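Since the structure comes first, as structure tokens, the remarks are kept for the end.
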Amino acid sequence: MMLDQVRNLSHQMRLFGIHQACEPRATEAVSQQLHPLEFLRLILEDEALSRKDRTAKSLVTKARFRFRADLEDWDFSFHKGFTQSQNQRTL
């Protein structure tokens, strides 16, 4: 009952990270006997991460890249002048 109210309110307030994470976080809080402020901190972190993810996805969509590529997909054998150790230093 209370979980449904939290989910409804978080959805109305457009707190979609909290909306998705409230049930597993509530279960975690009960099982680990978390302090209420620790629970609040965790749920707010979930909201912040959710917003960052949505922003990143939106920016990638708006950029309209022709294909998706990750640094893990980089072919280091093709580019002889650029090594994997140089790649890790630039991150």
Side-chain angles (χ1 to χ4, degrees):
M1 177 77 171
M2 191 179 306
L3 184 59
D4 292 333
Q5 291 173 346
V6 170
R7 288 179 57 88
N8 288 336
L9 285 170
S10 61
H11 191 268
Q12 286 176 359
M13 297 175 70
R14 304 180 61 82
L15 300 170
F16 300 119
I18 291 174
H19 179 79
Q20 290 177 336
C22 68
E23 188 172 354
R25 286 296 187 188
T27 304
E28 177 185 357
V30 169
S31 68
Q32 295 182 7
Q33 298 178 346
L34 294 179
H35 188 277
L37 289 177
E38 179 65 15
F39 171 73
L40 179 60
R41 183 188 66 80
L42 290 172
I43 204 88
L44 290 174
E45 279 181 359
D46 290 336
E47 178 63 30
L49 288 173
S50 174
R51 288 180 182 211
K52 277 181 148 180
D53 288 345
R54 282 197 317 269
T55 300
K57 286 177 186 177
S58 174
L59 290 173
V60 168
T61 301
K62 286 180 183 178
R64 300 177 67 192
F65 294 123
R66 287 179 278 187
F67 57 90
R68 180 177 166 85
D70 294 322
L71 287 176
E72 291 82 24
D73 299 333
W74 187 271
D75 182 9
F76 291 98
S77 64
F78 180 74
H79 298 282
K80 301 292 184 196
F82 190 70
T83 65
Q84 191 167 5
S85 61
Q86 288 173 326
N87 178 34
Q88 292 173 348
R89 281 186 275 155
T90 59
L91 295 176

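As the structure is a prediction and not an experimental result, all values here were calculated from the model. Residue indices begin at 1 and follow the sequence shown.
Among pairs with a residue in residues 27-68, none fulfils ring-ring contact (aromatic ring centres under 6.0 Å, His included), at least two apart in sequence or across chains. For residues 30-41, every residue pair satisfying the salt bridge (charged side-chain N to carboxylate O under 4.0 Å, His left out) rule, not counting sequence neighbours, is listed here: Glu38-Arg41, Arg41-Glu45. Applying the salt bridge (charged side-chain N to carboxylate O under 4.0 Å, His left out) test to every pair with at least one member in residues 5-16, sequence neighbours left out, gives no pairs at all. Applying the side chain to side chain donor-acceptor pair (under 3.5 Å) definition to pairs two or more places apart or across chains, those involving residues 52-65 are Ser50-Arg54.
Leu9 meets the side-chain contact (heavy atoms from CB on, under 4.5 Å) test with Gln12; sequence neighbours excluded. Every residue meeting the salt bridge (charged side-chain N to carboxylate O under 4.0 Å, His left out) condition with Glu28, not counting sequence neighbours, appears here in chain and number order: Arg25.
When all heavy atoms of Leu3 and Glu23 are compared, the closest pair comes out as CD2-CG, 3.6 Å. Shown here for Arg51 and Leu15, the closest heavy-atom pair between the two residues is NH2-CD2, 3.2 Å.
Transitive grouping of hydrophobic side chains (ILVMFWY, heavy atoms separated by less than 4.5 Å) keeps Val30 and Val6 in distinct clusters. Both Met13 and Ile43 sit in one connected hydrophobic cluster of ILVMFWY residues. Membership requires side-chain heavy atoms under 4.5 Å apart, directly or through other members. A single hydrophobic cluster is not seen to contain both Leu44 and Leu49; linkage of ILVMFWY side chains at heavy-atom distances under 4.5 Å, directly or through other members, places them apart.
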I'd like to know whether His19 forms a side-chain contact (heavy atoms from CB on, under 4.5 Å) with Asp46, so could you lay out the CA-CA distance, the side-chain angles of the two residues, the decisive distance to 0.1 Å, and finally the verdict. CA-CA 10 Å; His19 179 79; Asp46 290 336; over 6 Å; no
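Environment of CD in Gln33: sparse, with no more than 12 heavy atoms of neighbouring residues, nucleotides or ligands closer than 6.0 Å.
With values rounded to the nearest 0.5 angstrom, Leu42 atom CG is found 11.0 Å from Leu37 atom CG.
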